[in-house]
Amino acid sequence: MSIPSVLVLPFPAQGHVNPMMNFSQNLVERGCKVYFVNTDFNHKRVVSSMVKQQKSLDESLLKLVSIPDGLRSPEDDRRDISKLCDAMISTMPSMLEKLIEEIHLNGEDRISCIVADVNMGWALNVGNKFGIKGALFWPASAAMFACECNIHTLIDNGIIDSDGIPITEKTFRLSPNMPVMNTKTLLWSNLADSVNLKKIINYFTHCVGTTNLTEWWLCNTTYELEPGALSFVPKLLPVGPLLRSYDNKSVNGRSIGQFWEEDLSCMDWLDQQPHHSVLYVAFGSITLWDQNQFKELALGLDLTNRPFLWVVRQDSNCTTKITYPNEFIGRKGKIVSWAPQQKVLSHPAIACFVSHCGWNSTMEGLSNGVPFLCWPYFCDQFFNKKYICDELKVGFGFDSDENGLVSRLEIKTKVDQLLSDENIRSSSLMLKEKVTYNIAEGSRSSENFNRFVKWLKE
């Protein structure tokens, strides 16, 4: 039986690259070869972070390759989703064709399957031209997949207009078994202004239209976490939690696919803290702060009088010129620009996760039994926050004051409230058992993954 060569294509954002890299490492462990395709812009960042951390990659089974995203310069704003989607759809399909032709011409491998992020679903049309079979991967919650696949239903039911804009602010259910949703928490509701939102909706609809090209829809979730959404979309197969496979041969044990170099000094620092004492504060790869809110967060961490590990990306500082307030002492804390998050969350010193509630962070927190303090920024994070707090009951949200700020006192109050709540701690640990059971051989997620690999090898 020959080794299947799989081309994996994530949407070009850290929150999409991470789960698809975990997925790819799982494929490699099960005897596949993977070509992992980033955009040129992100590929340079990934390679640069690996060079800085002196990590090399065995490319015999996992090869990092790239194609242009269609934006002309590194200075282009890749946070502008409508601009990025426009550029990608006009450039990347032909570039992907060229890449596949080059791989085939080199004679080493023939691509046997394309696994595309749902939001890169056009890649399955490219694969069709070469007779390459395909699969789709959804890196967010099953509930959000159900929403994106039912944009036309939401329009027909008068929940959104044809541009994707909520007609009125209201709650709705996609099915009786699914949680209540709010028009404000739709995946795309805060991605762009009304002019650009239509472009994004058209792009999403185009990508989702490729679901009919494959029987394989895979998702980083579990049956226990989202029974309602998975029964509503029975073709969507959970293969989660997809957790990072660290290279144990490397002394550093760093992960692959990060846009920033991980600061491993935080692990030594955590070793010196008491069990269940540290607030882990991290807001993902996109969140930006204004000076006033950044100040309240910094002073709020001081006010808790607890040890904290705070991830402050360098670009979030440089872009908006934010500075730490003069009154900020920070003596109980450690600040890093990027952390090995999965390792951090599994450390016994961690007491809770102050999080933006991206789905990867949500899955990693749940898989480690860590309670949440939820501070969403955009996209699906608002729905994830509601799910964590109201459905799973393993976290609290923050309340804003009359100026729209989360105050330092609110931060201290919620930290104290969460860490004194025994029910949330025990619920988090029970959920950890249910979620991580799916990694075990014979579990439903593991069996779904094995079925997919068997199909690849046939």
Side-chain angles (χ1 to χ4, degrees), residues 4-13 16-17 19-21 23-24 26-27 32-39 42 63 65-70 81 84-104 109-140 142 144-152 187 199-220 233-239 242 448-449 451-458:
S5 292
V6 184
L7 186 144
V8 174
L9 180 69
F11 186 84
H16 294 246
V17 170
M20 293 196 79
M21 180 59 76
F23 178 83
S24 298
N26 270 284
L27 285 177
C32 301
K33 179 167 184 175
V34 172
Y35 286 84
F36 195 90
V37 186
N38 271 310
T39 59
N42 288 339
K63 194 172 178 69
V65 294
S66 69
I67 55 178
D69 60 14
I81 304 295
L84 181 61
C85 290
D86 259 4
M88 288 195 304
I89 201 66
S90 62
T91 304
M92 289 184 80
S94 61
M95 291 293 109
L96 186 62
E97 279 187 41
K98 194 175 168 193
L99 175 67
I100 292 169
E101 284 168 354
E102 284 171 2
I103 291 168
H104 290 176
D109 304 291
R110 289 198 70 80
I111 302 299
S112 50
C113 180
I114 293 174
V115 179
D117 189 310
V118 171
N119 290 327
M120 305 293 269
W122 48 262
L124 297 196
N125 289 318
V126 173
N128 259 359
K129 291 184 180 180
F130 292 89
I132 298 171
K133 56 193 180 183
L136 289 169
F137 179 89
W138 181 252
M144 288 296 103
F145 180 82
C147 272
E148 189 162 318
C149 285
N150 284 277
I151 288 173
H152 290 302
L187 182 65
K199 291 180 185 176
I200 295 170
I201 289 290
N202 287 341
Y203 178 84
F204 282 175
T205 307
H206 173 70
C207 289
V208 165
T210 62
T211 52
N212 64 348
L213 296 176
T214 176
E215 293 300 305
W216 292 98
W217 307 352
L218 307 167
C219 182
N220 183 22
V233 192
K235 276 182 69 174
L236 188 64
L237 293 181
V239 291
L242 290 166
N448 287 340
F449 208 116
R451 275 172 51 212
F452 176 64
V453 171
K454 186 182 175 191
W455 173 77
L456 284 176
K457 291 181 175 179
E458 281 171 353

Visitor: What are the two closest heavy atoms between Pro19 and Leu242, and how far apart are they?
Guide: O-CD1, 4.0 Å
Visitor: State the CG-CE distance between Asp86 and Met88, to the nearest 0.5 angstrom.
Guide: 9.5 Å
Visitor: Before you tell me yes or no, could you show the steps for Asn38 and Val17 under side-chain contact (heavy atoms from CB on, under 4.5 Å), namely the whole-Å CA-CA distance, both residues' side-chain angles and the distance that decides it to 0.1 Å?
Guide: CA-CA 8 Å; Asn38 271 310; Val17 170; 3.4 Å; yes
Visitor: To the nearest 0.5 Å, what is the distance between CG on Leu124 and CG on Leu213?
Guide: 5.5 Å
Visitor: Can you confirm whether His152 is buried at NE2, in the sense that more than 12 heavy atoms of other residues, nucleotides or ligands lie under 6.0 Å from that atom?
Guide: no
Visitor: Does Pro238 offer a backbone N or O that forms a donor-acceptor pair with the side chain of Asn448 under 3.5 Å?
Guide: yes
Visitor: Find out whether Phe137 and Leu9 are in side-chain contact, i.e. whether some heavy atom of one side chain is under 4.5 Å from a heavy atom of the other.
Guide: no
Visitor: In Å and rounded to the nearest 0.5 Å, what is the CG to CE distance from Leu136 to Met120?
Guide: 12.0 Å
Visitor: So, using side chain to side chain contact (heavy atoms under 4.5 Å, CB included) as the criterion, who are the partners of Ile89 when residues are at least two apart?
Guide: Trp122, Tyr203, His206
Visitor: Evaluate side-chain contact (heavy atoms from CB on, under 4.5 Å) for Val239 paired with Phe452, printing each intermediate quantity in order.
Guide: CA-CA 10 Å; Val239 291; Phe452 176 64; over 6 Å; no
Visitor: Does the ring of Trp216 carry Lys235 above it, NZ/CZ under 6.0 angstrom from centre and within 45° of its axis?
Guide: no
Visitor: Evaluate whether atom CD of Glu101 has more than 12 neighbouring non-hydrogen atoms of other residues, nucleotides or ligands under 6.0 angstrom away.
Guide: yes
Visitor: Could you tell me which residues satisfy ring pair (Phe, Tyr, Trp, His ring centres under 6.0 Å) with Phe145, sequence neighbours excluded, listed by chain and number?
Guide: Trp138, Trp217
Visitor: Quick one: pull up CD in Glu148 and OG1 in Thr205 and give me the separation to the nearest 0.5 Å.
Guide: 7.5 Å
Visitor: Between Asn150 (side chain only) and Ala146 (backbone N and O only), is there a donor and an acceptor less than 3.5 Å apart?
Guide: yes
Visitor: Nearest 0.5 Å please: distance from the CG atom of Asn125 over to the CD1 atom of Ile114.
Guide: 10.0 Å
Visitor: Would you check if the side chain of Thr214 reaches a backbone N or O of Gly134 as a donor-acceptor pair within less than 3.5 Å?
Guide: yes
Visitor: Would you call Tyr35 and Asp109 a side-chain contact if the rule is heavy atoms closer than 4.5 Å?
Guide: yes
Visitor: What heavy-atom pair brings His16 and Pro10 nearest, and what distance separates the two atoms?
Guide: O-CB, 3.9 Å
Visitor: Tell me, please, which residues at least two apart from Glu97 pass side chain to side chain contact (heavy atoms under 4.5 Å, CB included).
Guide: Val126, Lys129, Phe130
Visitor: Is there side-chain contact between Asn220 and Pro139, with at least one heavy-atom pair below 4.5 Å?
Guide: no
Visitor: Taking the side chain from Asp117 and the backbone from Asn119, do they hold a donor-acceptor pair closer than 3.5 Å?
Guide: yes
Visitor: Scan Cys113, Ser24, Pro4 and name whichever one has a side chain to side chain contact (heavy atoms under 4.5 Å, CB included) with Cys32.
Guide: Pro4
Visitor: Just so I know, are the side chains of Lys63 and Phe36 near enough to count as touching, which here means a heavy-atom distance under 4.5 Å?
Guide: no
Visitor: Please determine whether side-chain contact (heavy atoms from CB on, under 4.5 Å) holds for the pair Phe11 and Thr39, giving the CA-CA distance in whole Å, both sets of side-chain angles, and the decisive distance to 0.1 Å.
Guide: CA-CA 9 Å; Phe11 186 84; Thr39 59; over 6 Å; no
Visitor: Distance from Ser5 atom OG to Leu27 atom CG, nearest 0.5 Å?
Guide: 11.5 Å
Visitor: Yes or no on side-chain contact (heavy atoms from CB on, under 4.5 Å) for Arg110 and Ile103, after CA distance, side-chain angles and deciding distance?
Guide: CA-CA 7 Å; Arg110 289 198 70 80; Ile103 291 168; over 6 Å; no
Visitor: Tell me the closest heavy-atom pair linking Leu456 and Lys133, and the distance in Å.
Guide: O-NZ, 3.8 Å
Visitor: So, do Ile132 and Ser112 sit near enough that their side-chain heavy atoms are less than 4.5 Å apart?
Guide: no
